[in-house]
Amino acid sequence: MNDPKPLQGYKSLQVVKSAYYPQSNRLQGSEPKPLQGYKPLQVVEDTYYPQSNRLQGSETAARVENRLQGSETAARVLAIIILFLLSLPAAYSQTQPTPQDTVQKTKVELLRADEQIFNRRISDQRQLLMGNVVFRHDSSYMYCDSAYFYEQDKSLEAFSRVRMEQGDTLFVYGDYLHYDGNVEIARMRRNVRMINIKIDTANVNARDSMTLYTDSLDYNRITNIGYYFNGGKLVDSTNVLTSVYGQYSTATKIALFNDSVVLTNYKDVLLADTNFILHSDTLEYSTDSRIATILGPSVIESDSGTILTSHGWFNTQNNTSQLLDYSEVLSGNRYLTGKILKMNRETGVGEAFNNMSIRDTTQKITITGNYGYFEDKNDYAFATDSALALEYSQGDTLYLHADTLELTTVDSARILRAFTGVRFYRDDIQGVCDYMRFNSKDSILYMYGDPVLWNENQQLFGDSIIVYMSDSTVEYVHVPSGAFVVQKVDSGYHNQLGGSDLKAYFVGKAIEHIDIDGNAESIFFPLERDSTMVGLNYTQSSYLSIWLKENKLEKMKIWPQPKGYLIPIHLIQSEQMTLKRFVWHGDIRPTDRHDVFRTTPIKTDKPPTDQELKPIPKPAPIKQTNPELPIEVF
């Protein structure tokens, strides 16, 4: 093959004893001419001496031998001293190694080039290499079409079809490369592509890869970190991530992204079938585990809803996540927040911890607590540990507390259930029971398990209580069995109604009318116009109706065949003060929205003794009509 012709302006290099000299300095005759100011070295017994120190002809071989022996003895002594001194830091360095001791700087080697050109007039260091250029530095190989090589500086510039390989797992491509072997930093520019291959140790044939695209990439071979600073994109089999700044560690397989970060998760990358998109300020991503660690304000958008968070992690492979610092999940008309949220997007199941809340803006119901569980696909949720429900569909907010609150959806209606220790408060009604159910569609509240309901100075209880609401007020209350109503008149004095079935009708926020159907009994303490108590009025009948005005008895109707009597106030005995099932639970009544969390044992007001009754003048007897007709008291 013919040798390549030198380029114009350059002189081809000639080799003499493995050293390069420009053609103008080629050897004339048999020996090179010395440069001006330098004397050529001559060899004596494998030792180099300057010409001025060559042996003179008058010296004998003995003198030379004696001189050499003396020099040898002095050299031995000097060598022993030097070795002793050198052994001290060497011994110390064995126990106290430093980075300088452990790091050995190796040279950048030129392995191949079709053409090599050197022109001292242009540069006394730079070599121009052309055609199939290959470099090696330790375990890294660099390939290109042409290059500038600075051998003494351990650096190079590579042009066109540049490729850098490290082992069989890292490949970096670009149009231009500057490599500094002293600090082991490669700067790749234009159309940069870095591929990192993951090999499964259990199955060497199973491989997965990550590809990073950018226009400017700096790669540090010491730390094994590549970073870009003017926009880049990382792609693997599951996700595509873009950002303004990013870095990737080939050792840990962890990438860090900053500024305008976008992670797009695909069901199928080839089909571009998007699962969700994550926008973030700062994000860390592992190409091994496919876990994205959120380190700054972020928004996750998908078909099922939106997530707002600033801290947490998201496993993009199995769609599980844990979000911290009061993240918020928006799904349709429902909002979920909590200090810690754990979710599985595949199953739609999630958990919330510490000050969690589930809010339905359509049904106007909010549930809070320190622990929550929800199933998004089934529209099911429950809360416990300081659980509280807020129902605000009727204008006034109903505050309800129980050990456990459950929220379900049936036929587009939200059903709220409360279990154990139920207490609720609203301006117009308050109540306690063991189990409660509320239907937002028909606005009906069901109370079971020793239910007690209060309205102003009225108390209702029975085997169960059903509250019917309309618009922003209570329409009526139904006690189907074991009904009993107590109205507190004064300390120790209570108007009382009992019967089988009771309905109490509201006007505004107060009870206006009460009907009792079956086994009606009543005790009332009528008042004069000046609020003077008249006595005790007892009635018994099958049916009873009363009308109230400003929480005072205005009218009463009892039928058929009513029975009754009036006992003057000064003749009342203590055992006559109450009906058989009388209980006043004033001590457990919730007094405000905060009081629903209070747990208080039931404390019953006892009727006053005879000595505690107030002496009141004897009143006039009640006028009674035909016993077959209803008795009306005005």
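Computed from a predicted structure; not experimentally measured.
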For this session: Would you name the heavy atoms of Pro590 and Phe424 that are closest together and state the gap between them?
Result: CG-O, 3.5 Å

For this session: Identify the two heavy atoms, one from Val134 and one from Leu110, that lie closest to each other, and give their separation to 0.1 Å.
Result: O-CD1, 3.6 Å

Problem set entry | Distance in Å, Asp259 CG paired with Ser280 OG, rounded so as to fall on 0.5 Å steps | 10.5 Å

Exercise. Do Gln116 and Gln127 get their side chains close enough for a donor-acceptor pair, meaning under 3.5 Å?
Worked result: yes

Exercise. Just checking, is any N or O donor in the side chain of Asn333 or Asp360 under 3.5 Å from an acceptor N or O on the other one?
Worked result: yes

Problem set entry | Nearest atoms (heavy-atom pairs only) where Tyr228 meets Ser243 | OH-OG, 2.7 Å

For this session: Inspect the contact between Glu375 and Lys377 and indicate whether a charged nitrogen and a carboxylate oxygen are less than 4.0 angstrom apart.
Result: no

Problem set entry | Any donor-acceptor pair under 3.5 Å from Asp411 side chain to Ala413 backbone | no

Exercise. Can you tell if the side chain of Asp168 reaches within under 4.5 Å of the side chain of Gln166, non-hydrogen atoms only?
Worked result: no

Exercise. Taking the six-membered ring of Tyr150, is the NZ or CZ of Arg126 close enough (under 6.0 Å from the centre) and on axis enough (within 45°)?
Worked result: no

Exercise. Any side-chain heavy atom of Glu284 sitting closer than 4.5 Å to one from Ile254?
Worked result: yes

For this session: For the pair Asp145 and Arg163, evaluate salt bridge (Lys or Arg N to Asp or Glu O under 4.0 Å) and give the outcome as yes or no after the intermediate values.
Result: CA-CA 10 Å; Asp145 285 345; Arg163 181 171 91 252; over 6 Å; no

Problem set entry | Any side-chain donor near an acceptor of the partner, Tyr266 and Asn239, under 3.5 Å | no

For this session: Say whether Ser302 and Arg345, considering side chains only, have a donor N or O and an acceptor N or O under 3.5 Å apart.
Result: yes

Problem set entry | Where Leu234 and Ala255 come nearest, the two heavy atoms and their spacing | CD1-CB, 4.0 Å

Problem set entry | Under 3.5 Å: donor-acceptor pair, side chain of Asn220, backbone of Ile222 | yes

Exercise. Would Phe229 and Tyr245 satisfy ring-ring contact (aromatic ring centres under 6.0 Å, His included), going step by step from the backbone distance to the final call?
Worked result: CA-CA 4 Å; Phe229 34 82; Tyr245 172 86; 7.7 Å; no

Exercise. Are Asp236 and Arg290 close enough for a salt bridge, meaning some N to O gap below 4.0 Å?
Worked result: yes

For this session: Kindly assign one of parallel, tilted or perpendicular to the pair Tyr373 and Tyr380, based on the angle between their ring planes and the thresholds 30° and 60°.
Result: perpendicular

Problem set entry | Tyr179, Tyr148, Phe149, Tyr141 screened by ring pair (Phe, Tyr, Trp, His ring centres under 6.0 Å) with Phe135, the one that passes | Phe149

For this session: Taking the side chain as every heavy atom from C-beta outward, state whether Glu328 and Leu323 have any pair of such atoms under 4.5 Å apart.
Result: no

Which side-chain N or O atoms in residues 350-359 pair as donor and acceptor under 3.5 Å with protein atoms at least two apart or in another chain?
unit_1	atom_1	unit_2	atom_2	d
Glu351	OE2	Tyr371	OH	2.6
Asn355	ND2	Tyr326	OH	3.0
Ser357	OG	Thr337	OG1	3.4

Problem set entry | Pair listing, ring pair (Phe, Tyr, Trp, His ring centres under 6.0 Å) test, anchored in residues 288-311, at least two apart | none

Exercise. Side-chain donor-acceptor pair under 3.5 Å between Ser155 and Asp153, yes or no?
Worked result: no

For this session: State, with a plain yes or no, whether a side-chain heavy atom of Asp434 is found less than 4.5 Å away from one of Val422.
Result: no

Exercise. Is a side-chain donor-acceptor pair under 3.5 Å present for Asn196 with Tyr248?
Worked result: yes

Exercise. Where do Met469 and Ile429 land on the side chain to side chain contact (heavy atoms under 4.5 Å, CB included) test, with the steps shown first?
Worked result: CA-CA 11 Å; Met469 299 182 182; Ile429 57 172; 3.9 Å; yes

For this session: Taking atom types as modelled, find out whether Ser140 and Arg221 have a side-chain donor-acceptor pair closer than 3.5 angstrom.
Result: yes

Problem set entry | Pairing of Lys107 and Asp138 as salt bridge, 4.0 angstrom limit | no

Exercise. For Tyr173, which of Asn191, Ile195, Val192, Val162 qualifies under side chain to side chain contact (heavy atoms under 4.5 Å, CB included)?
Worked result: Ile195

Exercise. Do Ile277 and Val262 have side chains that get closer than 4.5 Å, going by heavy atoms?
Worked result: yes

Exercise. Side chains of Thr106 and His137: is there a donor and an acceptor less than 3.5 Å apart?
Worked result: yes

Problem set entry | Exercise: identify the closest heavy-atom pair between Arg426 and Leu398 | CB-CD1, 3.9 Å

For this session: Check the pair Arg193 / Thr211 against side chain to side chain contact (heavy atoms under 4.5 Å, CB included), numbers first and verdict last.
Result: CA-CA 7 Å; Arg193 179 165 49 103; Thr211 304; 3.7 Å; yes

Exercise. Is the closest side-chain heavy-atom distance between Val299 and Thr306 below 4.5 Å?
Worked result: yes

Exercise. Is Arg187 salt-bridged to Asp180, going by a charged N under 4.0 Å from an acidic O?
Worked result: no

Problem set entry | Any Tyr335 side-chain heavy atom under 4.5 Å of Thr366 side chain | no

For this session: Would you mind checking if Asp595 and Arg423 are paired as a salt bridge, meaning a charged N to carboxylate O distance below 4.0 Å?
Result: yes

For this session: Indicate yes or no: at least one non-hydrogen side-chain atom of Thr282 is less than 4.5 angstrom from one of Leu256.
Result: yes

For this session: Would you list the pairs meeting ring pair (Phe, Tyr, Trp, His ring centres under 6.0 Å) in which at least one residue belongs to residues 390-419, sequence neighbours left out?
Result: His401-Phe597, Phe419-Tyr435

